[in-house]
Amino acid sequence: MLEKNLLPASFEQRLYEGWEAAGRFGAHPESAADPFTIMIPPPNVTGSLHIGHALTFTIQDTLIRWRRMQGRDALWQPGTDHAGIATQMVVERLLAGQGVQRRDIGREKFLEHVWEWKGQSGGNITRQLRRLGASLDWRRERFTMDAGLSEAVREVFVTLHEQGLIYRDRRLVNWDPKFQTAISDLEVESREMKGSLWHLRYPVEGEAGRFIVVATTRPETMLGDTAIAVHPEDERFRDLVGKFAILPLVGRRIPIVADEYSDPEKGSGAVKITPAHDFNDFAVGKRHGLAMPSVLDAYGAVMLEEIEGDLAALEGVADPAFVRSLSGQDRFEARKAIVAELERLELVETIEPHSNAVPHGDRSGVPIEPRLTLQWYCDAATLAKPAIEAVETGKTEFVPKHFENIFFSWMRDIQPWCISRQLWWGHQIPAWYAPDGSCFVARTEEEALAQARQKLGADVALTRDEDVLDTWFSSALWPFSTLGWPNKTPELDKYYPGDVLVTGWDIIFFWVARMMMMGHHFMGAAPFKTVYIHGLVRDEKGQKMSKSKGNVIDPLELVESFGADALRFAIASLATPGRDVKLGRKRVEDFRSFGTKIWNAARFCEMNGIGPDASFDPSKVETPLARWILDASNAAILEATAALEAYRMDDYAGACYRFVWNSFCDWFLEFAKPALNGPDTAEKAEVKGAAQYVLGTILKLLHPVMPYLTEELWDRFGYGPDCSLIGESWPQPVAVPGAEAARAELDWLVSLISAVRGVRSEMNVSPSVTVPLLAQGATPETLARGARWIDAIRRLGRATEFRAPEAGEAVKGAQVTVGEATILLPLAGVIDLAAERARLMKERDKAQAEGAKVAQKLGNADFVARAKPEVVEENRERLAAAEAEVARLDAAMARIAE
RNA sequence: GGGCGCUUAGCUCAGCGGUAGAGCGCCUCGUUUACACCGAGGAUGCCGGCGGUUCGAAUCCGUCAGCGCCCA
C-alpha cells in the first residue's frame, strides 16, 4: 500500500543510487542508436549548487531523459572546470589561515596543495547534482586539468601558434592589481562611480602665462602623459596644435596634437594623453607615434623607472623631489598627493563632480588598471568567422532566435583575446625561452630543446613561460576534449557535434562563442546544432540573487523541504523562453501539490485494484469512457512531445498538469467510480484496464521532469522492475476506435454536470438537496446518454433522476440550458423564483449581446466578402446558437412567470 | 549614445491577426472514504497611451511613456 502522504525523502536517494548502479545514465558508443548529446557547461570546481544551476540542469536533465526514453543513445557529459583564479584564491586563503604564503612554498608545492584540496572538496557540486536527479554519465566525468584535456590544450595552443593565430604581443591589457594578473575584457565589468573631473592647467611652452586646460578623471596618471589632444575642428585650440605644453610636476615637454578622439563637448575640450594607462589614449599614442611610459606598477603603485630621465625642475611648475616622493605610493594615495601639489601650484582650474563608468575586475571587485605588458593573444577575429557563418546560415541555431543578435554583435567586433594569466593554477603555457630571449612553442620540453638546438646551433638551458592559460581556453575545447581529442576515439566519432547546448545568456560570449570558434577550427563543425538560451533566476521581486543582498535561495534546502520533483516541476513550469525566472520558496511550495495529486490519484487506483495489465489492448476498447480518456491521453502525448521538441518546458509541464489534474483526476476517475464500485462486469474490467494504461502513460510523460515520484510509483505498482521507468520508451498515441463519438458523449456529460453544478451553486442550493433533472426539448440521443450515465449524473450532479418531463408536467424551479435541451430542476420550494428569473434574464442579456455582436459582423458586407469562408461560417453558427439560446431562456422564464 | 527585451486579472506569466487564458491569491459553499498540498462554484481585464495597416488588432507597423538588461 502506498503511504497516505507523499514523502520524497523516503525514496529519492535510493532511486538515484539504483539508477546509477544499474548504469542507467551511461551512453553506449557501441550501440547503433542515434546519439543525443548534451555537454554540461562545466561548473566551477570550487562551486556549490545554486538556484541557477538548478534551472539549467533541470532543463538539461529533462531533455536528456526524454530523448533517452525516445530510444536515443543519450550522452550527458559531466565534469567541472578548474577555475584558475577562483581555485587559486580558495587555496591561498586556506594556506594563509595556516600562516603560509604561496610564494614562500613555491609553485610545485603550492600545486600539490591545490590538487589535495580538489580531491577533498572538488566533488561538492557533483554530489549536489545527484540530489537534483541529474542523470549525467558519471563514468565519463572529466576535469579540465585532466591529463587528456591538458594534452588537448597543448595541442590546440601549439597548432594555433604554428598557424599564427596565437602570438605574443606588447599592448595594453586589463590588469587586476588584486590578483596580479591580466584578465580578458570579458572579465571586466564597468561600474558607475561618483568621482570628479579635474580641470588641470598645463603651461604652454614659450608663451609665459598661457595655459591649456585639460580635463581628466585620473590625475594620478599625468606623470605618464606624453601629449595633449584637441579636436581638429576646435577653433579654441587651433593655434596651439603643433606646439608643446609643459607637463606639470614632471617638466617634460609634450606635444599638442589634433585627434578626433578629443570631444569638444566634454570637459575642457582638451584631453591629456597617457598611452600606457588608458585604452583610448593608447590608440591616440599609436596614431601619433608617442612614447608610452608606464608610471604604475603591478600593484597599482607609482613607479618612476620609465620617467626618471624626464624629471626636471621648473620653478612653480615641476619639482623632481615631489615626484620622487610619490614612488611606491598607491594609485589613490598618489592621486590625492598630486592634486594637492597642483592646487598648491595653482594649476587646478576647477574640480567638477562627475560620474563615470570605471572598469572593475568581476572577481576581485577592484578597479582594473590598464597596463602595457607582454602577453599571449589569440586571434579571435579569424577564428570567429566560421562561427558567425554557421549561425548566419542556420547550421547552428539559437533558441530563442533573438539571442543571435547578442552573439553577432560581439563576434563581429571581437578583439584579440588575451589568454595568458599570471597564475600558478592552470595549464602552463607550452613556451620556452632561451637566454637570448628567443621563444620556442612546443608540445614538450624535448621538442622545445630540439627547436632551440636547430635555431641556435647549440644546446641551451631553456626556461618555461611561467604563465597559465585563461580557464575559458580549456573550456572552449570541452565539446571535443572530453571525447578524447586529439586522439581519434569512437566517442568523438559518434558524439561530436552534439545536439543542444543549454545555458544562460550571460555566458554566450565567455563560453558559447569560444566553443564555436574552437570547434570549427579543430573539428570542422560547430560543436552543437542548437543553442538553447534560458533566462537567469531572480528572486520573487525580480532582483538578481546575490549573497550581499541576502536574497539567495538554496536549491538543496528546497529539495529537502519539498522534494527534487517539486523544485524541478516548478522550474520547468516557469521557464518561459528567454525570460528570467522569478522564483521563491513559495512558488516551489505551490507546485508541490501537483506531486501530491499524482500520488493520491495513484493511491486511489491502487485501492481499486488498478495495476499493470499487459494484456490490455487500447485499440480494442468499447466503452465511451475508456475511449475518451485514451483519446485525451493521446492528445496529451502529442502536446507534451511537441512542447519538448520546441524547448517549451513551460508548455510541456502545463500539458501534463492539465491532463493529469483536469482530465484524469477531475473527470475520468470520478466517472469511473460507479463502475469501480459496482459488480465485476466487462465494463468495469475495461475501465480498470484504461486506468492502469493511462496511469502508466502519465508516469512516462512526467518522468523527464519528475523522475523520482514517477519512478517510485512505476516500481511500486510493478509496471516494471525497480529503476526501470528511466529506460522505458516514450509514449506514443494509440489508435482509439470511435474516439470522436466518445468525445461528443463525454463532453456533453461534462457540460451537463458543470451546468447543473453551476446553477445550484449560484442559487445556493445545498449539496444535500437532490432533485430530478427534467430535460425539456431534449433529443432522444440526449435522453439515451442521460440514461447511460445516470450513476455519474446522480453522484456528481446531486440528482435523483434524468428524464424528459411528462406531458403537461408543470415544473417550477431553476433551469439551465445544455445543448439543445433546457434542464429543469424542480426547486420551487427551495429557491427564490424571482431571483431565478433575474438570473435567467442576465443569461438572456448575455446571449442577446453576443448574438448582436455577431449579427453586426455578419451585416458587414466587407466581412462576408473578405474574411476566410470558415470564419464567416463559424460566425453564422454562433449567431444561430445565440438566437436559440435566447429562445430557450425566454421559454424558461415564461415557465416560471408569476 | 547604440542595441535588445518587457508592459495582458490583485500577483506571476501564457497567448502574438478571427468568441481574452492559466496558476496562485480572493469570495461563497462543502466531513459525497484518493487527495483540505482537497472538491464545487464565483468575481476580477478600455491586453501601457496615441496614431496607422486590415473586413477584423492584445496580436502587425509607427510613435510616446515607464521598467529591466546588454554594449560603449
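Throughout, a chain's letter reflects where its sequence line sits, starting with A, and its residues are numbered from 1.
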For this session: Check A:Gly813 against A:Ile831 and note the closest heavy-atom contact, atom names and distance.
Result: C-CD1, 3.9 Å
For this session: Starting at atom CZ of A:Arg587, determine the distance to atom P of B:A22, rounded to an integer number of angstrom.
Result: 16 Å
Problem set entry | Residue-phosphate contact under 4.0 Å: A:Arg538 side-chain N/O, B:G68 OP1/OP2 | no
Seminar exercise, completed: Nearest-nucleotide check on RNA chain B, A:Leu669 vs A:Leu574; residue mapping nearer the 5' end is A:Leu574
For this session: Kindly indicate whether the side chain of A:Ser593 and the base of B:C37 share any N or O donor-acceptor pair separated by less than 3.5 Å?
Result: no
Exercise. Taking CZ from A:Arg592 and C1' from B:A36, how many angstroms apart are they, rounded to a whole number?
Worked result: 13 Å
Exercise. With respect to the phosphate group of B:A34, does any side-chain polar atom (N or O) of A:Lys673 fall under 4.0 Å of OP1 or OP2?
Worked result: yes
Problem set entry | Length of the CG-P vector between A:Asp185 and B:A72, whole Å | 8 Å
Exercise. How about A:Ser561 and A:Glu557: does a side-chain donor come under 3.5 Å of a side-chain acceptor?
Worked result: yes
Exercise. Does OP1 or OP2 of B:A34 have a side-chain N or O of A:Lys4 closer than 4.0 Å?
Worked result: no
Seminar exercise, completed: A:Glu670 has its side chain closest, among B:C37, B:C35, B:G41, to B:C35
For this session: Kindly say if A:Arg648 contacts the phosphate of B:G15, meaning a side-chain N or O under 4.0 Å from OP1 or OP2.
Result: yes
Exercise. Contact class for A:Glu877 vs. all strands (heavy atom < 4.0 Å): base, sugar-phosphate, or nothing?
Worked result: nothing
Exercise. Taking only side-chain nitrogens and oxygens of A:Trp661, does any of them come within less than 4.0 Å of OP1 or OP2 of B:A34?
Worked result: no
Exercise. Using a cut-off of less than 4.0 Å, is there contact between a side-chain N or O of A:Lys586 and OP1 or OP2 of B:C37?
Worked result: no
Problem set entry | side-chain N/O A:Thr576 vs B:A14 OP1/OP2, d < 4.0 Å | yes
